[in-house]
Amino acid sequence: MKTKRQAKILELIRKNDIETQEELSDYLECEGYQVTQATVSRDIRELKLTKVAMKSGRQKYAAWETAGEELSEKYIRVLRDGFVSMDMAQNILVIKTVPGMAMAVAAALDALNISEIVGSIAGDDTIMCAIRSADDTVAVMERLKKIVAV
């Protein structure tokens, strides 16, 4: 029953802009599920649902993957806004940013989960990324060029 209910919750939040637990409970009851607030709260936590902003400024429940796509857009915007240039030294990628933006750009890079980036260190306007190999560094640079449209 729990698996079916949670699948229904995912379906409902994809099809509807559900803003509150109470609203979600109402939708579930219309679908024939008798639920308590505690059950809905537990399901939300187990499904890792989050709230995302709609264009109207209000918030709705979304599955983590949906939220991740929207967050990726924000990270890409931070990357574009802060990026100035990049260069490589073997497997080290050095990214120059607008002053004061290196930490935000580094966080955006981390959030984009670029598998070739082992780790990064950010100062005020410079980021040093350790990349797995020199070939991977070239590949990461090409990917970043596409993102920032350099």
Side-chain angles (χ1 to χ4, degrees), residues 1-84 86 92-132 136-137 139-150:
M1 186 67 160
K2 176 180 173 180
T3 305
K4 287 182 179 180
R5 184 183 63 246
Q6 289 184 347
K8 181 56 77 174
I9 289 171
L10 291 172
E11 178 187 327
L12 289 168
I13 64 169
R14 268 194 310 273
K15 291 180 178 178
N16 305 286
D17 293 338
I18 299 174
E19 300 178 48
T20 65
Q21 289 183 13
E22 183 179 343
E23 194 177 345
L24 180 55
S25 295
D26 292 344
Y27 273 100
L28 285 168
E29 287 183 17
C30 288
E31 295 289 332
Y33 294 89
Q34 297 302 313
V35 293
T36 64
Q37 186 276 329
T39 300
V40 171
S41 181
R42 194 175 317 108
D43 285 341
I44 288 170
R45 190 173 51 255
E46 288 176 10
L47 291 169
K48 295 185 171 119
L49 300 184
T50 188
K51 287 204 171 179
V52 296
M54 297 184 284
K55 290 181 181 176
S56 66
R58 299 174 71 147
Q59 293 189 334
K60 69 174 183 172
Y61 281 108
W64 181 248
E65 294 79 22
T66 303
E69 290 169 12
E70 291 177 14
L71 287 176
S72 289
E73 292 294 323
K74 290 179 184 177
Y75 291 130
I76 288 169
R77 196 170 29 244
V78 166
L79 192 58
R80 284 182 180 147
D81 290 347
F83 181 88
V84 172
M86 65 182 152
I92 302 293
L93 175 61
V94 178
I95 299 172
K96 291 291 195 176
T97 71
V98 173
M101 287 289 293
M103 295 280 253
V105 172
L109 284 172
D110 289 345
L112 292 174
N113 294 316
I114 299 172
S115 63
E116 296 87 356
I117 298 177
V118 178
S120 58
I121 299 172
D124 181 60
D125 66 353
T126 305
I127 304 165
M128 291 183 61
C129 297
I131 312 288
R132 296 192 187 285
D136 286 342
T137 305
V140 169
M141 288 177 75
E142 289 302 316
R143 186 171 173 189
L144 290 176
K145 281 179 188 175
K146 289 177 184 169
I147 292 173
V148 298
V150 172

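By convention here, the first residue in the shown sequence is residue 1.
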When you measure from the side chain of [X] to the backbone N and O of [Y], does any donor-acceptor pair fall under 3.5 Å?
X	Y	answer
Arg132	Ser115	yes
Lys51	Glu19	yes
Asp125	Val98	no

For Ile131 and Val118, work out which heavy atoms get closest and say how close.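 So the two residues come closest at C-CG2, 4.3 Å.
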Minimum heavy-atom separation for Ile92 and Ala130, please, with both atom names.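 Distance-wise, the nearest heavy atoms are CD1-CA, 4.2 Å.
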Is there side-chain contact between Lys96 and Thr126, with heavy atoms separated by less than 4.5 Å? yes
Is the closest side-chain heavy-atom distance between Ile76 and Leu112 below 4.5 Å?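 Yes, side chains in contact.
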Picking from Asn16, Val35, Ile9, Asp43, what satisfies side-chain contact (heavy atoms from CB on, under 4.5 Å) with Leu24? Ile9
For Glu31, what residues pass the salt bridge (charged side-chain N to carboxylate O under 4.0 Å, His left out) criterion, not counting sequence neighbours?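 Lys8.
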Measuring from Ile18:CD1 to Ile44:CD1, what's the distance to the nearest 0.5 Å? 9.0 Å
Working to the nearest 0.5 angstrom, can you tell me the gap between Leu47 CG and Thr50 OG1?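 Rounded to the nearest 0.5 Å, the CG-OG1 separation comes out at 12.5 Å.
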Salt-bridged, Glu46 to Arg42, with N to O below 4.0 Å?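 Salt bridge between Glu46 and Arg42, a charged N being under 4.0 Å from a carboxylate O: no.
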Apply the test side chain to side chain contact (heavy atoms under 4.5 Å, CB included) to residues Phe83 and Val105: give CA-CA distance (whole Å), side-chain angles for both, the deciding distance (0.1 Å), then the verdict. CA-CA 7 Å; Phe83 181 88; Val105 172; 5.7 Å; no
